[in-house]
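Here's the structure we're looking at; comments come further down.
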Amino acid sequence: SYIVFNGELTKRDTISIDIEDRGYQFGDGIYEVVRVYNGRLFTWEEHVERLYASAEKIRMTVPYAKEEMKAVMEKLIEKNQLTDGTIYLQLTRGIAPRNHAFPGSDVQAVLVAYTRVSDRPVALMEKGADALVVEDKRWLHCDIKSLNLLGNVLAHQEALDAGCYEAILHRDGVVTEGSHTNISIVMNGTVYTHPANNLILNGISRKVMLKACDSTATSYKEEAFTVEQLLKADEAFITSTTLEITPIRRINNQPIGIEGEYKVIKKLQEAFTADIEAECGPLH
Ligand code: PLP
């Protein structure tokens, strides 16, 4: 299969990563995961905006224009004949002898992108996923889509070890987000989700979900909620590029709402699907 390496399409086995790449040595870089439905990019503009915003926050210069980036991703989809799946793309601060200090301006960011085939997780989206509440021990710039995912990896593994699908993170009893998802709850018909500040990643699917709230006349508040409120919620769900809107069935082994009913969630899922179809064409 083909990948993008520094702006060019090339075969995966023809490139190698330098041992002094700052992404490899420091996790000094940023990334995006973009969904492709019917061979078309979904919410590309939002993803590319967030990528450039992340770059700015870590003072990295992206050596490509946004349009250039889109054109090469579309070429990649075409070359790999990707119909349904994702594009993973990352930028690191480049290759330089190991030193915490930024390299000189002659060192360019390294861009890598590749595709992966995947279907919508329809069974999970219907049945719901189990989750475990875990302390959020990450840093205070979770709004940056950084390659440094150790805090997320450890939390996620803790959930997996407990037989769960996702970790729900909290700081001092206040829920922030999942290890690789955003989380929302429904209480008395209103959707609550953490405000998009430095404590969470401003998820693109979270945005699509809020748009779905508008189009279905569901009230919502970008307001933090506690673990206690989470456990008593009528419904709870996670959102992400690959999981769209996925209900949470049980948290810490305790059922949330009525399994399989998911009244508000189902309404939002339908509006989410309509949004995908409007941009990428009919889903089968
Ligand atoms: N929060 C974290 C920590 C994530 O890693 C992700 C996605 O990978 C999300 C939220 C969801 O973001 P998006 O909807 O843009 O995929």
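Counting starts at 1 for both ligands and their atoms, following the listed order.
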Inset, instruction - Determine, using heavy atoms of E46 and all atoms of ligand 1, whether some pair is separated by less than 4.0 Å. - result: no
Inset, instruction - Say whether S179 and ligand 1 are in contact under the criterion: heavy-atom distance to a ligand atom below 4.0 Å. - result: yes
Inset, instruction - May I ask you to decide whether E45 forms a salt bridge with K66, counting only side-chain N to carboxylate O separations under 4.0 Å? - result: no
Legend entry - Minimum non-hydrogen distance to atom 15 (O) of ligand 1, winning option of I204, N182, N152: I204
Legend entry - Ligand-side contact atoms (ligand 1) for residue partner G203, heavy atom cut-off under 4.0 Å: 12 (O), 13 (P), 14 (O), 15 (O)
Inset, instruction - Indicate yes or no: does E222 engage R206 in a salt bridge with an N to O separation below 4.0 Å. - result: yes
Legend entry - Donor-acceptor pair between S179 and E166 side chains, under 3.5 angstrom: yes
Inset, instruction - Take every heavy atom of K145, measure it against each atom of ligand 1, and state whether any distance is under 4.0 Å. - result: yes
Inset, instruction - Could you tell me whether E32 and R50 make a salt bridge, using a distance below 4.0 angstrom between a side-chain N and a carboxylate O? - result: yes
Inset, instruction - Answer with yes or no whether the side chains of R120 and T273 bring together a donor and an acceptor at under 3.5 Å. - result: yes
Legend entry - Heavy-atom nearest option to atom 5 (O) of ligand 1, drawn from E177, H180, H156: H180
Legend entry - Close aromatic pair by centroid cut-off 6.0 Å: F42 and H47: no
Inset, instruction - Could you tell me whether R50 and ligand 1 have an N or O pair separated by under 3.5 Å? - result: yes
Inset, instruction - Return the residue, atom name and 0.1 Å-rounded distance of the protein heavy atom closest to atom 14 (O) of ligand 1. - result: S205 OG, 2.6 Å
Inset, instruction - With heavy atoms of T241 as the reference, note each atom of ligand 1 found under 4.0 Å away. - result: 13 (P), 14 (O), 15 (O), 16 (O)
Legend entry - Side-chain donor-acceptor contact under 3.5 Å, S240 with T181: no
